[in-house]
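On a predicted model such as this, the values are computed, not experimentally measured, just so you know. Indexing begins at 1, ligand by ligand and atom by atom, following the structure's order.
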Amino acid sequence: MPSKYVIHTKPVPHRFEPITKSGVIAWEEGCLKCAVCVKNQCVYGVYDHRHMDDRQMVDSIDNQCMNCFRCVQNCPRELIHKSINPDFMVMGDSHWTPDTIARLWYQSQTGKIPVSGAGYPGPFSGPGFDSMWTDMSEIVRPTRDGIHGREYISTTVDLGRTPKNLVFTGEGEMNEDIPPLVHIPIPMMMRLPRFGAVNDQTIKGWVMAARHLDTLLVLPQEICSQYPLEVQRHLVPSIGTGFKKMAPNKMTRMVELIWDKDWDKNIEVARYSYPSAIVAMRFPLSQGVEEDIPTALDAGCPVIHLEGRMDGTTLDQPSQYIKDGIRRVHQALVERGIRDEITLVASGGLAMAEHVAKSIICGADAVILDFPILIALECRMCRRCEKGLSCPVEIDQADSKWVARRTINLMGAWHNQLLEVMGAMGIREARRLRGEVGRAMFFEDLEKDLFGTLIKVKEGYELE
Ligand code: SF4
Ligand code: SF4
């Protein structure tokens with residue numbers, strides 16, 4: 001298998017004791033002092049290696065326990081109990097749930113796909129991406145097996161404008177200039193999260209990860225300019241109003257502008273400063289955004305970044321999810337006949353590996369991840385840093401190499417899950433997955449199909 005389709009991972013330990021969902025409560029009162037205590041029979045030696053993390057007041061048995069319940073069941077006085085950890089349950093919010101955060105920690109630590117056992121115990125539908133199911137008709141006998149390499153699956157995507165058709169001269173030569181394209185081997189880019197206790201070392205770690213993965217990291221322009229030229233090809237400077245012309249930088253492959261009242265002035269400055277770069281325009285994902293996209297395309301911005309909110313909703317309608325926004329924009333561009341001239345990338349609230357595949361099915365070409373790469377560094381989404389308070393896991397003290405390895409592990413685990421989904425769907429090209437809504441089911445569509453006609457009464461058959 002070509003090496004670009006494999007992300008090598010290796011375990012990278014946590015720096016702090018993680019908060020786990022359940023804890024062990026072992027009472028001492030009433031203990032019979034049995035000759036062989038059930039605590040000594042734990043096959044994982046949890047009680048033997050027990051220690052206390054003094055900084056966080058976390059007991060190591062809480063996160064080393066494998067939940068086999070042997071000690072709970074065998075203590076004759078029933079002095080050992082397992083209980084839900086209240087510190088776990090208050091992490092994050094309704095979108096960045098404790099389970100989501102714990103799953104991201106696991107993937108960043110191990111680089112592996114989380115396995116939760118046989119069967120799925122949760123509800124069958126929910127908000128946002130949870131109301132969408134993918135067609136896994138080939139899951140039992142996949143014809144493609146990207147992870148184990150029987151037949152590789154390409155996850156490469158192209159960023160930029162692809163020509164509608166190719167024109168050749170009579171001699172068989174190409175008769176037009178092919179617009180520049182940027183190829184990335186995974187449909188995942190990264191960007192600086194809106195908050196986080198990050199410093200230069202953290203950002204350096206993410207830059208190292210972007211280089212290793214051969215993908216792109218979107219950073220404010222003033223941060224990008226601090227990095228040497230050879231690194232710049234993996235960075236996307238984000239430019240807002242007030243950016244001044246600078247000496248041309250020909251290494252940068254993509255630059256991002258923010259859609260605001262001065263976007264047309266900024267585009268001139270960006271073109272001068274980054275003459276070789278494809279220009280991307282960042283739009284808030286809101287109603288009517290599809291009306292402005294052709295203007296940006298005509299002005300020379302073939303990459304459109306649709307930015308949702310961090311809770312996975314669109315910017316102006318809390319009841320609309322980015323999945324709906326991406327579908328709407330994709331469909332509008334298809335109807336205008338300009339979809340293939342545009343690359344759509346989506347961001348905002350992408351919290352699980354499945355969201356990558358689902359965003360692409362809805363019509364995005366690629367996604368940009370922000371908070372997952374912060375949670376990879378043990379972030380608990382407590383948002384203390386937003387208020388200027390100290391970070392409980394001291395992310396700003398982390399070494400850049402540790403940051404890079406944790407980020408690579410996360411991206412490796414997500415990449416493998418994308419391969420799993422594509423293999424189970426029988427799709428061998430990430431480019432082919434784009435807009436494949438026929439390979440997915442949407443709860444709201446099914447509900448409409450099944451029940452939409454129930455309350456409709458044919459004309460002339462109304463009850464008096
Ligand atoms: S529940 Fe099992 S793994 Fe956990 S401490 Fe008891 S015996 Fe050990
Ligand atoms: S753990 Fe809390 S303080 Fe630290 S980066 Fe995350 S949200 Fe900010």
Side-chain angles (χ1 to χ4, degrees), residues 14-28 31 34 36-53 55-56 58-85 87-88 90-98 100-102 104-105 108-109 117 190-203 205-206 310-311 349 351 369-399 402-403 406-407 410:
H14 297 308
R15 293 161 60 241
F16 285 78
E17 291 287 350
I19 299 176
T20 46
K21 188 165 191 169
S22 63
V24 177
I25 300 174
W27 305 99
E28 295 293 331
C31 175
C34 304
V36 182
C37 175
V38 288
K39 293 178 184 171
N40 299 332
Q41 295 171 338
C42 171
V43 290
Y44 302 102
V46 165
Y47 292 94
D48 300 338
H49 308 129
R50 186 175 190 175
H51 65 269
M52 190 68 143
D53 180 337
R55 279 189 299 179
Q56 303 182 87
V58 173
D59 189 336
S60 69
I61 56 172
D62 288 347
N63 48 44
Q64 287 176 16
C65 172
M66 303 301 282
N67 299 317
C68 74
F69 282 78
R70 180 177 178 169
C71 58
V72 176
Q73 286 179 328
N74 289 353
C75 175
R77 294 299 299 266
E78 298 179 355
L79 296 179
I80 302 176
H81 298 257
K82 291 280 299 178
S83 68
I84 295 291
N85 182 356
D87 289 342
F88 181 86
V90 297
M91 279 200 305
D93 53 36
S94 59
H95 182 75
W96 299 92
T97 64
T100 301
I101 293 172
L104 291 168
W105 287 346
S108 323
Q109 183 193 7
M190 301 180 280
R191 69 168 179 170
L192 198 60
R194 193 166 56 72
F195 61 80
V198 301
N199 66 3
D200 294 350
Q201 283 299 302
T202 327
I203 296 172
W206 285 330
M310 66 175 283
D311 63 358
L369 308 178
D370 43 21
F371 287 104
I373 63 169
L374 184 67
I375 297 172
L377 313 181
E378 297 178 281
C379 169
R380 296 172 179 178
M381 294 301 269
C382 65
R383 302 178 78 154
R384 283 172 57 88
C385 50
E386 251 192 326
K387 300 173 199 142
L389 300 172
S390 62
C391 173
V393 284
E394 300 172 7
I395 288 177
D396 45 4
Q397 305 292 318
D399 170 63
W402 181 85
V403 172
R406 294 276 295 199
T407 310
L410 178 74

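Using modelled atom types, one side-chain atom of Ser108 and one backbone atom of Leu104 make a donor-acceptor pair closer than 3.5 Å. Looking at Thr407, its side chain never comes within 3.5 Å of a backbone N or O of Trp206 through a donor-acceptor pair.
Under the 4.5 Å side-chain criterion, counting only non-hydrogen atoms from C-beta, Gln41 is not in contact with Tyr47.
Only the backbone of Phe69 comes within 4.0 Å of ligand 1, counting heavy atoms alone; no side-chain atom from C-beta on gets that close.
Remark: ligand 2 atoms within the under-4.0 Å shell around heavy atoms of Ile395 are 5 (S). Per-residue contacts place Arg380 under 4.0 angstrom from the following atoms of ligand 2 (heavy atoms of the residue considered): 1 (S), 6 (Fe). Close approach of ligand 1 to Tyr44 (heavy-atom distance below 4.0 Å) involves ligand atoms 3 (S). Heavy-atom proximity to Arg383, at under 4.0 Å, picks out these atoms of ligand 2: 2 (Fe), 7 (S).
In this structure, atom 2 (Fe) of ligand 1 lies nearest to the protein heavy atom Cys68 SG, 2.3 Å. Protein heavy atom nearest atom 4 (Fe) of ligand 1, with residue, atom name and distance: Cys65 SG, 2.4 Å. Cys71 SG, 2.1 Å is the protein heavy atom nearest to atom 6 (Fe) of ligand 1. Taking atom 5 (S) of ligand 1 as the reference point, the nearest protein heavy-atom neighbour is Tyr47 CE1, 3.5 Å. Nearest protein neighbour of atom 8 (Fe) of ligand 1, counting heavy atoms only, is Cys42 SG, 2.4 Å.
Between Lys82 atom NZ and Cys68 atom SG the span is 9.0 Å, to the nearest 0.5 Å. Here the SG-CZ distance, from Cys65 to Arg70, works out to 13.0 Å after rounding to the nearest 0.5 Å.
Summarising the local packing, CZ of Arg77 is surrounded by 12 or fewer heavy atoms from other residues, nucleotides or ligands at distances under 6.0 Å. Around the CD atom of Glu78, the shell of radius 6.0 Å holds no more than 12 heavy atoms that belong to other residues, nucleotides or ligands. Environment of CG in Asp200: sparse, with no more than 12 heavy atoms of neighbouring residues, nucleotides or ligands closer than 6.0 Å.
Here atom 3 (S) of ligand 1 lies nearest to Met66 when heavy atoms of Met66, Arg70, Lys82 are compared.
Atom 4 (Fe) of ligand 2 has no N, O or S atom of Cys385 inside 2.8 Å of it.
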